[in-house]
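What you are looking at is a predicted structure, and each value in this text was computed from that prediction instead of being measured. Chain identifiers are assigned alphabetically (A, B, ...) following the order of the sequence lines, protein sequences preceding nucleic acid strands; residue numbering begins at 1 within each chain. Reckoned from all heavy atoms, side chains included, excluding hydrogens, waters and symmetry mates.
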Amino acid sequence: MTYLAQFENVTKRFGDTSILHNFNFEVTSGEHVVLMGPSGSGKSTVLRILMTLEGIQDGVVYVEGEPLWHEYRNGVLKPAREAHLRRMRNGIGMLFQHFNLFPNMTVLRNVIEAPMNVQRLSRTEATERADELLERVGMSNKRDAYPLSLSGGQKQRVAIARAMAMRPKLLMFDEPTSALDPEMVGDILEVIKDLAQAYDLTMLIVTHEMGFAREVADRVCFFCDGQILEQGKPETIFTEPTEARTRQFLSRVTGAKKAKVGSEAQS
Amino acid sequence: MLFGIHWNLASQWSFALSITPILLIGMKVTVEATVFGFLIAMSLGLVFALLRSMPLRAVSWPTAIFVEFVRDTPLLIQLYFLYYVLPNYGISLPALETGVITLGIQYSAYTSEVYRAGLEAVPFGQREAARALNLGSFRTYRDVIIPQAIPRIVPALANYLVSIIKDTPILSAITVLEMLGVGKIIGDRTFRYLIPLTLVGILFLILTVIAAWGVRFVERRMPRGGVALK
Amino acid sequence: MNWLNLLPALLRGAEVTAWITVASTIGGAFLSFAAGIGVRSRFRGFRWLAGLYIQIFRGTSLLVQLFWLYFALPIIGISLSPVVAGVLGLSLNIGAYGAEVVRGSLASVDTGQIEAATALNLSPLHTLWRVIMPQALVEMMPPFGNLVIQNLKDSSLVSLISLADLAFQADQLRNQTLETLPILTLTLLLYFAMALVLMVAMRFVERYARRVSGREAAR
């Protein structure tokens with residue numbers, strides 16, 4: 001069986017520090033996977049490698065059975081060139097912690113820029129597609145505004161529409177709510193849940209929101225020191241984790257949540 | 001022949017080799033003009049910065065206008081002004097001195113801005129903290145503001161040293177025999193401009209690269225937190 | 001001698017200065033972008049060439065460069081008229097400084113912008129022109145403004161390769177009339193006036209750049 005994405009003995013280093021070491025990981029088509037774990041454990045790096053933002057030092061990453069960071073030249077597997085990466089990026093999309101909207105473009109322009117210039121859609125087609133998506137994420141009324149005038153939650157909604165406009169098979173979220181004000185978090189998670197139900201999407205989500213993970217995830221992977229320490233259905237991982245480190249992390253995340261809510265109640 | 005040194009026209013290489021000592025004599029003038037011009041620029045710039053920060057508008061405004069005027073007019077014309085106008089009023093200075101003073105004045109317009117920006121870059125909270133500790137304004141400046149401003153001011157000042165080096169050839173317009181002036185004269189007398197002027201270019205490159213290293217060295221040695229004044 | 005009698009000759013020179021400044025600023029802007037983008041190129045040859053250009057023209061003096069173009073080049077068979085040598089020299093010089101501005105501004109754009117463009121599969125060229133450059137332009141404008149004033153002042157050096165600009169006319173008049181004070185005072189004032197005009201013009205360009213970058217609401 002071909003996985004949608006597969007890491008095979010992947011090693012990723014930044015200078016001397018190794019983030020992933022002989023890392024193995026598979027995602028099947030249509031699966032919704034939540035990646036959790038302490039910062040620096042390598043979960044974001046997995047996303048960034050798949051989005052071709054970070055290269056790898058060893059091993060092979062496959063997307064739909066084809067090497068992502070390598071290509072065959074004269075029958076030999078060689079590091080991929082830009083043209084190969086551009087072809088492979090089709091069908092993969094990503095959302096960022098800080099949204100990364102283009103401040104020099106209107107909301108609409110942000111959404112139609114890539115469909116028009118990468119997928120060569122006409123302006124009418126791209127605009128039609130954009131309007132539909134902006135409607136879906138509740139941002140139609142801001143279509144001609146500039147990102148400068150939007151709140152964090154609104155920016156992330158636009159970013160979601162922008163990524164969806166490329167009709168990705170695999171959509172990845174790198175801590176999509178961690179830069180948002182607490183009262184905005186729920187809204188964005190609702191939008192993501194809606195996408196998960198409405199579209200045939202494979203999703204990789206890095207988040208610390210356990211309630212959300214419980215609702216959308218088919219599988220939760222707990223990362224520690226560049227390895228997947230433990231994975232399984234959210235109910236299992238959250239209620240009866242086998243590893244001590246997982247228990248520790250989960251109690252700290254929930255503890256921090258409670259402390260935050262408490263301090264807000266006080267003020 | 002120049003400065004008692006003869007050139008050798010036998011080949012390109014012997015020509016280049018024979019005029020190098022002559023150019024180095026010119027380089028000495030270049031370095032002198034740079035150093036003294038820089039010293040004047042540093043002190044005069046501080047004076048302008050202080051005058052500009054005076055609460056008395058009759059002082060601060062004219063200073064601001066003068067500094068702006070100096071900054072936005074060419075060094076060459078300022079040089080002509082001091083060299084040709086002042087003697088009519090009984091102030092007659094040799095060309096090199098005039099050049100050094102003009103460099104100093106022109107660059108004081110830039111350095112005064114460096115002092116001002118450096119002092120302003122110290123966060124306002126530092127003044128408030130000093131006020132809260134009941135420090136007098138002299139102590140506030142000596143112990144709090146200036147020590148923190150120095151790491152910002154010194155590297156910026158040093159950068160202007162490099163710029164002054166590159167402006168010294170303009171002094172040749174009022175007959176100062178600095179490096180370019182010397183190179184030009186050799187060219188005029190031999191009708192061979194390529195080699196002297198290329199050598200002058202290379203020597204300037206060496207000077208500015210060394211100066212830039214110096215600047216970076218000073219920058220690295222600057223303590224981030226500030227310099228304590230005793 | 002009446003100060004007004006000096007004006008026609010000086011204004012003729014000022015006109016030349018204005019043209020030289022405008023022409024070399026345009027030339028310099030072109031070189032700034034070429035070299036500033038070049039030093040960030042994926043190709044080593046471009047990086048090397050652009051780096052060498054910047055180092056040479058920032059590391060030596062403008063007057064040396066002008067003399068070299070005007071006096072030394074004819075010896076290897078390339079004779080340039082004073083106008084060509086002057087505009088070329090000023091463009092090359094200011095372009096090297098401008099290239100550092102362009103390079104720095106491009107580098108100052110948040111890397112998240114490039115990552116978002118990659119995630120949308122925009123081509124590197126498209127990313128540079130449509131995403132990075134509009135945002136970097138804002139950062140470039142204030143230092144560019146300073147460089148344009150610098151260029152106006154520097155243009156006076158072309159008088160030393162016998163181009164009849166304002167500085168040249170002033171020096172000629174001084175030689176003929178010996179009225180040094182009025183001539184040089186008027187000359188300084190004319191340069192100052194031109195600098196003020198440039199400052200106002202740059203203010204407008206800056207405001208325009210803020211709009212296209214999204215730093216300021218467009219409507």
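- When each of C:Asp171, C:Leu73, C:Ile149 is checked for heavy-atom pairs under 4.5 Å with chain B, C:Asp171 comes out on top.
- In this structure, the portions of C:Thr185 lying under 4.5 Å from any heavy atom of chain B include both its backbone and its side chain.
- A heavy-atom distance below 4.5 Å is found between the side chains of C:Gln55 and B:Val209.
- The greatest number of non-hydrogen atom pairs below 4.5 Å with chain B, out of C:Leu184, C:Ile56, C:Leu190, C:Leu196, is found for C:Leu184.
- Here the side chains of C:Phe71 and B:Leu194 are not in contact, with every heavy-atom distance at 4.5 Å or above.
- For C:Phe46, the CZ atom counts as loosely surrounded, since its 6.0 Å shell holds 12 or fewer non-hydrogen atoms of other residues, nucleotides or ligands.
- Within the model, atoms OG1 of B:Thr198 and CD1 of C:Ile75 stand 8.5 Å from one another, a figure rounded to the nearest 0.5 Å.
- A distance of 7.5 Å separates CD1 of B:Ile170 from CG of C:Leu62, quoted to the nearest 0.5 Å.
- Interface remark: C:Ala195 contributes side-chain atoms only to the contact with chain B (heavy atom separation under 4.5 Å).
- A pairwise comparison of heavy atoms in C:Phe67 and B:Leu197 identifies O-CD1, 3.5 Å as the closest pair.
- Between the C:Lys153 side chain and the B:Leu75 main chain, no donor and acceptor come within less than 3.5 Å of each other.
- If you measure heavy-atom distances from C:Gln150 to chain B, the contacts under 4.5 Å come from the side chain alone.
- For C:Leu189, the parts lying near chain B are the backbone and the side chain together; criterion is any non-hydrogen pair under 4.5 Å.
- For C:Leu63, the parts sitting under 4.5 Å from any heavy atom of chain B are the backbone and the side chain alike.
- Between B:Leu207 atom CG and C:Ser61 atom OG the span is 11.0 Å, to the nearest 0.5 Å.
- Looking only at heavy-atom pairs under 4.5 Å with chain B, the residue among C:Leu160, C:Thr187, C:Leu157 that has the most is C:Leu157.
- If you measure heavy-atom distances from C:Ala167 to chain B, the contacts under 4.5 Å come from both the backbone and the side chain.
- For the pair C:Thr60 and B:Gly201, the tightest heavy-atom approach, listed with the atom from each and the gap, is CG2-O, 3.2 Å.
- The part of B:Asn88 that comes within reach of chain C is its side chain, from C-beta onward, which places non-hydrogen atoms under 4.5 angstrom from that chain.
- Taking OH of B:Tyr110 as the reference point, atom CG of C:Asn146 lies at 8.0 Å (rounded to 0.5 Å).
- Atom CD of B:Glu97 has more than 12 neighbouring heavy atoms from other residues, nucleotides or ligands inside a 6.0 Å radius.
- Neither the backbone nor the side chain of C:Met194 comes within less than 4.5 Å of any heavy atom in chain B.
- Put simply, OH on B:Tyr80 and OG on C:Ser156 are 8.0 Å apart, with the number rounded to the nearest 0.5 Å.
- In this structure, the portions of C:Leu181 lying under 4.5 Å from any heavy atom of chain B include both its backbone and its side chain.
- Only the backbone of B:Phe191 comes within contact range of chain C, judged by heavy atoms closer than 4.5 Å.
- Looking only at heavy-atom pairs under 4.5 Å with chain C, the residue among B:Thr208, B:Leu205, B:Ile195 that has the most is B:Leu205.
- Contact of the C:Trp68 side chain with the B:Val200 side chain is not registered, since no non-hydrogen atoms from C-beta on lie closer than 4.5 Å.
- Within 6.0 Å of the CZ atom in B:Phe36, the count of heavy atoms belonging to other residues, nucleotides or ligands does not exceed 12.
- Residue C:Tyr70 does not touch chain B at all, counting heavy-atom pairs closer than 4.5 Å.
- Rounding to the nearest 0.5 angstrom, the gap separating the CD1 atom in B:Ile77 from the CD1 atom in C:Ile183 is 11.0 Å.
- Contact record, C:Arg58 with B:Lys166: O-NZ, 2.7 Å, taken as the closest heavy-atom pair.
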